[in-house]
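These notes concern the structure reproduced below.
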Amino acid sequence: VQLVEGGGGLVQPGESLTLTCIASGSIGTSDMGWYRQAPGKQREFVARIASNLRADYSEPVKGRFTIARNDAQSTINLNMNSLKPDETALYYCHLALPGTWGQGTQVTVSS
């Protein structure tokens, strides 16, 4: 299964953006998630959602980001509100089983 992310772009601080990840095949019961990597930093966890729709978020994004999944369409979305400049990063989609990563989509938050 391959993953393709989209929806990244340039936004101003405080604005919103929605990222989408499309899987080329069934995602089954695997957890799916979003990670991000800023220049010069390690990749970090952002959010994940299980097949039972339980969602987990990193502390910095709690209350501002929302992850959702549609198993019928093999997609997950990440709705990001009140974006901050330090959230500029390459955002990656991840399929836990078998551990597949997408190519990433760039999010830039700048005035």
Side-chain angles (χ1 to χ4, degrees):
V1 176
Q2 293 183 327
L3 304 175
V4 178
E5 303 98 331
L10 171 63
V11 296
Q12 295 191 347
E15 292 187 338
S16 300
L17 207 58
T18 297
L19 306 182
T20 298
C21 173
I22 302 173
S24 61
S26 173
I27 58 178
T29 59
S30 174
D31 286 5
M32 292 199 71
W34 288 95
Y35 291 71
R36 64 189 180 191
Q37 187 167 17
K41 294 187 177 181
Q42 289 189 331
R43 192 172 299 187
E44 64 175 7
F45 167 74
V46 176
R48 85 168 55 87
I49 186 165
S51 58
N52 63 3
L53 304 184
R54 172 180 170 172
D56 296 300
Y57 300 91
S58 64
E59 283 299 323
V61 309
K62 274 184 182 177
R64 296 186 298 118
F65 289 16
T66 303
I67 190 171
R69 69 188 278 162
N70 183 324
D71 288 356
Q73 297 181 350
S74 296
T75 61
I76 61 167
N77 292 328
L78 183 68
N79 184 45
M80 306 183 293
N81 295 319
S82 303
L83 281 161
K84 305 173 184 179
D86 63 1
E87 294 180 310
T88 293
L90 198 57
Y91 283 70
Y92 295 92
C93 180
H94 182 247
L95 177 64
L97 295 174
T100 303
W101 293 93
Q103 299 270 8
T105 184
Q106 178 67 40
V107 172
T108 302
V109 186
S110 175
S111 55

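Computed from a predicted structure; not experimentally measured. We use all heavy atoms of the structure for the numbers below, so side chains are in, but hydrogens, waters and symmetry mates are not.
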Point to revise | Residue from Thr18, Thr20, Asn70, Thr66 passing side-chain hydrogen bond (donor to acceptor under 3.5 Å, both in side chains) with Asn77 | key: Thr20
Review point. Between Gly28 and Ser26, what is the shortest heavy-atom contact and its length?
Key: N-OG, 3.1 Å
Exercise for review: Working to the nearest 0.5 Å, report the span between CG of Leu78 and CG of Leu17.
Suggested key: 9.0 Å
Check your understanding: How far apart are the closest heavy atoms of Ser74 and Gly25, and which atoms are they?
Key -> OG-O, 3.1 Å
Practice item. Compare all side-chain heavy atoms of Ser110 with those of Thr88 and state whether any distance is below 4.5 angstrom. Key: no
Review point. Can you tell me if CD on Gln106 sees more than 12 non-hydrogen neighbours from other groups inside 6.0 Å?
Key: yes
Point to revise | Mutual orientation of the aromatic rings belonging to Tyr92 and Trp101 [parallel < 30°, tilted 30-60°, perpendicular > 60°] | key: perpendicular
Study note, to complete from the structure: To the nearest 0.5 Å, atom CD1 of Ile27 lies from atom OG1 of Thr100 at 12.0 Å
Practice item. Any chance you could measure Met32, atom CE, to Leu97, atom CG, to the nearest 0.5 Å? Key: 11.0 Å
**Study point:** Between CZ on residue Arg54 and CD1 on residue Ile49, distance to nearest 0.5 Å
**Key:** 11.5 Å
Point to revise | From Ile76 atom CD1 to Arg69 atom CZ, the distance as rounded to the nearest 0.5 Å | key: 8.0 Å
Point to revise | Pairs flagged by salt bridge (Lys or Arg N to Asp or Glu O under 4.0 Å) wherever residues 1-20 is involved - sequence neighbours left out | key: none
Point to revise | same_hphob_cluster(Leu90, Leu95) at 4.5 Å side-chain heavy-atom cutoff | key: no
Practice item. Sort and list the pairs that fulfil side-chain hydrogen bond (donor to acceptor under 3.5 Å, both in side chains) and have at least one residue in residues 31-42, not counting sequence neighbours. Key: Arg36-Glu44, Arg36-Glu87, Arg36-Tyr91
Review point. Taking side chain as C-beta onward, heavy atoms only, is Val11 less than 4.5 Å from Ser16?
Key: no
Review point. If you measure from SG on Cys93 to CD on Gln2, what distance do you get to the nearest 0.5 Å?
Key: 12.5 Å
Review point. What residues form a salt bridge (charged side-chain N to carboxylate O under 4.0 Å, His left out) with Asp86, not counting sequence neighbours?
Key: none
Practice item. Looking only at non-hydrogen atoms, find the nearest pair between Ala23 and Leu3 and report the distance. Key: CB-CD2, 3.7 Å
Practice item. Decide yes or no for Met80 and Val107: does some side-chain heavy atom of the first lie under 4.5 Å from some side-chain heavy atom of the second? Key: yes
